[in-house]
> 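One structure is given below, represented as structure tokens, and several questions about it will come after.
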Amino acid sequence: MLKFIPREFEKKWIERWEKEKTYSAKSLPPASTAKNKKMYVLDMFPYPSGAGLHVGHPRGYTATDIITRYYRMKGYAVLHPIGWDAFGLPAENTAIKAKKNPQDMVPANIANFKRQMMMLGLSYDWSRELATTDPHYYGLTQWLFIQFYKRGLLYKKNTPVYYCPYCKTGLAEEEVLPNGTHERCGNQITRKELPQWIFKITSYADSLLAGLKDLKWPPGIIEMQRNWIGKDKGLSIVFPVENSTASFSHLTVWTKYWETVFGVTFLVVSPEHEWLKQLISKNKINKEVREYVHKLLTKTDEQRLKEEKVKTGVFTGYYAVNPVSGQKIPIWVANYVLMNVGTGAVMGVPAHDPRDFEFAKKYRLPVVQVVTYKDKKIDERVKKEEMSYEGEGELINSGQFNGLSASGEGKKKIAEWLIASNIASWKTTYHLRDWIFSRQRYWGEPIPMVYCKKCAKWQPIPEKDLPLRLPYLKSYQPGEDGGSPLLQAKDWLAATCPHCGGEAIRESDTMPNWAGSCWYFLAFTFWNNESGDAAKFLDRLNSSPADFFSEAVSRWLPVDWYVGGAEHAVLHLLYARFWMHALNDMGLVNFREPFLRLRNVGMILAEDLRKMSKSFGNVINPDDVINEYGADALRLYEMFIAPFSQEISWSTAALQGTFRFLKRVWEKFKAYQAEGRGGKVKADARLVLKLNKTLAKVSEDIVEFKFNTAIAAMMEFINEWDKAGAVHELSLEKSQAVKFLKILAPFAPFTTEEIWYEFMEDKSSIHLSAWPEYSLDTTVDEEVTIALQIGGKLRDTLTLLKSQAEEPVVRSRALASEKIKRYVEGKKYRVIYVRNKVMNFVIR
RNA sequence: GCCGCGGUGGUGGAAUGGUAGACACGCAGGACUUAAAAUCCUGUGAUUGAAUAGAUCAUGAGAGUUCGACUCUCUCCCGCGGCACCA
């Protein structure tokens with residue numbers, strides 16, 4: 001073959017690699033002694049939509065493929081699997097629209113994704129391919145659910161949840177976007193009270209926080225996890241309530257600013273507060289309050305977001321006592337106090353909190369200043385009582401603490417005194433809430449629990465009965481009022497109580513789509529489609545859980561490189577970490593953090609800078625690109641165009657650049673075919689040096705995810721090679737040239753394999769060859785160019801052999817330069833010389 | 001408001017204390033061709049200049065540290081992402 005036409009050889013290699021299992025992980029990595037000799041490289045597995053891959057997908061997949069191929073050639077035991085996150089709302093909603101059952105639709109989508117991935121030359125170990133919708137897989141997901149339940153990490157409770165009226169299901173807090181919409185479908189969320197299975201993720205808040213510190217993740221993602229967990233230390237201060245008929249004789253507030261406690265002039269509780277609930281149920285509160293609370297609690301989030309930027313509130317009719325001043329202070333209920341922050345009750349310090357200030361002004365509550373401010377610095381408005389003051393100052397109106405600094409000594413002393421007086425105690429709060437795990441939808445893992453009326457409790461089904469299969473339903477549309485579609489499957493619902501053997505009913509809710517992705521990286525380590533093992537997993541697991549997870553899992557985990565979109569910063573990554581922390585505590589896995597290194601792939605926008613979308617008609621299909629330019633040009637383009645994590649816009653024109661580069665490589669190597677028939681090699685020592693530098697650069701860049709500069713270095717090398725001799729004249733020994741081909745191989749697997757086979761006439765696979773060693777020690781006396789500066793300003797350059805770049809030589813040569821002479825002559829100066837780089841003449 | 005990331009030619013970007021603009025796209029001119037495509041060669045930050053002489057300016061703005069700053073420090077502006085009546 002003479003011309004570079006990728007589509008003419010790509011198909012051949014796809015078939016050959018598959019047939020020869022070039023990329024399957026041959027064996028387990030060696031046990032403990034050589035742990036560093038394994039690499040587990042993982043993509044966040046896709047949900048197989050009907051649309052197939054778009055050009056954004058290959059960006060992440062190519063990066064992991066390059067990393068994988070690099071380590072494979074370095075001799076590491078490498079695991080690089082892929083699977084399908086096929087349960088969940090997107091698949092189900094699409095199926096509803098298409099009037100099909102997702103069970104029928106998903107396999108076709110998977111087949112299409114797989115075909116496209118193979119076209120891209122991705123070196124997955126396909127023998128480990130798995131789908132979360134496979135009963136063999138979700139049986140294990142259910143098994144894990146039962147263990148978490150037995151461990152006390154799951155409970156069922158009637159609770160107000162975020163509810164998507166379009167998807168007709170309850171949702172986790174994490175699935176609601178800041179604008180109050182559902183992250184999957186974009187519709188406005190409301191609230192609904194539903195019985196829900198809930199994970200006690202809050203009991204792992206500290207563990208999840210602590211684990212972050214060893215992770216090699218982008219700082220932004222770590223920060224987002226930290227903020228989401230939202231650990232905060234403050235004081236709980238107890239305020240006695242006068243004449244309270246609820247079971248509360250006091251209200252507890254939580255605050256970080258206890259130094260202003262002498263300035264508390266009122267208390268505010270949130271409408272959801274338990275104290276109010278009790279007063280209302282005992283009818284011990286006036287009608288106005290009852291109506292106000294009722295109005296707020298029945299409002300949807302949409303309304304609250306829109307209407308409640310304005311603070312409203314009602315006096316409850318009750319009073320508390322400020323425990324430090326003994327002053328009687330009114331208790332209000334207001335919309336600006338949130339139940340899920342602190343204790344759901346706040347102390348009102350209008351002089352020093354802008355929200356309390358606004359509220360106090362509106363309802364004419366007293367303002368007591370307890371921190372001084374310096375006249376000059378402070379806005380006039382503070383003095384005129386038009387706004388609150390949150391700055392530094394000394395305490396006043398604060399009893400024995402007057403005169404101390406509010407943020408320093410005073411703050412410390414007041415805390416000690418409050419605690420010693422039994423008025424307050426340290427209290428850590430978290431933003432993280434427990435994880436709502438029930439979905440009132442069809443397309444998910446059935447929750448393996450049954451309810452027995454006689455025993456009056458929920459119980460897990462026996463593990464030996466797993467998997468609990470999802471019944472095939474003709475009509476599976478979500479029900480109204482939070483009823484699951486599985487409620488229609490009457491036969492399926494009927495079960496026996498594992499305890500008393502009587503009649504029981506199955507849980508009809510399903511798991512959220514996160515369930516499958518919480519542990520799939522474990523499954524890859526032992527999954528094998530060829531041995532037929534999958535059917536036996538549950539038996540083996542039930543006979544000895546610890547053994548089942550021990551070997552393959554402990555040798556491969558944790559995942560060394562994990563790559564996917566930044567949109568999973570909190571949701572998937574937090575949930576998966578939580579499961580692993582819990583499994584570790586249960587003694588089933590020997591690690592806590594599943595993902596050692598994380599990299600986020602930047603999005604690919606359309607050429608018009610908008611998101612690629614069918615409705616804009618700007619979608620680029622990888623099939624078309626591959627057909628015209630070949631998979632390698634596409635891979636190189638996506639890696640070359642920008643740093644990996646940066647958002648980019650598609651450019652077909654720029655893609656031509658990487659195509660041309662491959663073509664030039666092809667042409668260079670074609671010459672070796674002629675060499676075999678008597679072509680001449682005139683080796684060029686300088687080119688060999690450049691080659692070694694390129695080998696070093698590419699090797700280093702790959703493991704730093706700097707694919708763009710690695711490719712640039714290879715392009716530079718080809719440019720040099722061209723300069724070293726005419727196109728059909730060889731300036732490198734074949735044994736040297738082969739090294740270049742090898743470092744290009746992870747980036748352009750098809751082209752390099754074809755060249756290797758056809759022109760280098762090696763019939764093994766280049767992808768199983770050894771990564772080239774390189775040496776930067778050289779006998780070549782390189783030329784270096786030294787910048788000559790006057791006071792740091794470039795005036796001339798000097799090129800000489802490296803061996804001669806001693807200071808005196810450079811200095812005398814520099815002073816011989818007219819350009820330097822004219823600045824330096826007759827002046828006093830000193831000289832700074834940085835070897836091989838720069839000589840700076842500093843005129844005094 | 002708070003947290004994180006970023007701001008460099010016509011464009012994507014490179015350089016993390018040492019010649020700013022590597023590499024690529026685009027553009028211009030040329031070669032080859034009946035012609036086009038493909039390919040190859042040359043040029044390409046701005047201003048000034050006949051100049052491939054030289055000079056001046058230039059990495060969001062301003063200050064600082066340094067012999068020397070895209071790079072380090074401070075202040076500010078802008079963009080993107082996340083969080084937020086967080087008490």
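Lettering follows sequence order; numbering is per chain, from 1.
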> Mark up nucleotides 46-59 of chain B, 5' to 3', with B wherever a protein heavy atom is under 4.0 angstrom from a base atom, S wherever such an atom reaches only the sugar-phosphate, and - elsewhere.
--------SSSS--
> Nearest heavy-atom pair of A/I331 and A/V269: which atoms, and what distance?
CG2-CG1, 4.4 Å
> Does B/A14 have a Watson-Crick or wobble partner in any strand here, with both distances under 3.5 angstrom, and which is it?
none
> Under 4.0 angstrom, heavy atoms only, what part of the nucleic acid is A/P354 near: base, sugar-phosphate, or nothing?
nothing
> Kindly give the heavy-atom pair with the smallest separation between A/I718 and A/F661, and that separation in Å.
CG1-CE1, 3.6 Å
> Over all strands shown, is A/Y257 touching base, sugar-phosphate only, or nothing at heavy-atom distances under 4.0 angstrom?
sugar-phosphate
> Considering only side-chain heavy atoms of A/A712, which listed nucleotide, B/C23, B/A38, B/G26, is closest?
B/C23
> What's A/R835 touching, base or sugar-phosphate or nothing? Going by heavy atoms closer than 4.0 Å.
nothing
> At 4.0 Å (heavy atoms only), tell me whether A/I832 reaches a base, stays on the sugar-phosphate, or touches nothing.
base
> B/C67 base to A/N840 side chain: any donor-acceptor pair below 3.5 Å?
yes
> Strictly by Watson-Crick or wobble contacts shorter than 3.5 Å, is anything paired with B/C86, and which nucleotide is it?
none
> Describe the nucleic acid contact of A/E716 in one word from base, sugar-phosphate, nothing, applying a heavy-atom distance below 4.0 Å.
sugar-phosphate
> The side chain of A/N719 is closest to which nucleotide in this list: B/A15, B/A87, B/C23?
B/C23
> Mind listing the closest non-hydrogen atom pair of A/S398 and A/V370 along with its distance?
OG-CB, 3.7 Å
> Does any nucleotide pair with B/G45 by Watson-Crick or G-U wobble geometry, both distances under 3.5 Å, and what is it?
B/C57
> Once you apply a heavy-atom cut-off of 4.0 Å, does A/N708 come out as touching a base, just sugar-phosphate, or nothing?
sugar-phosphate
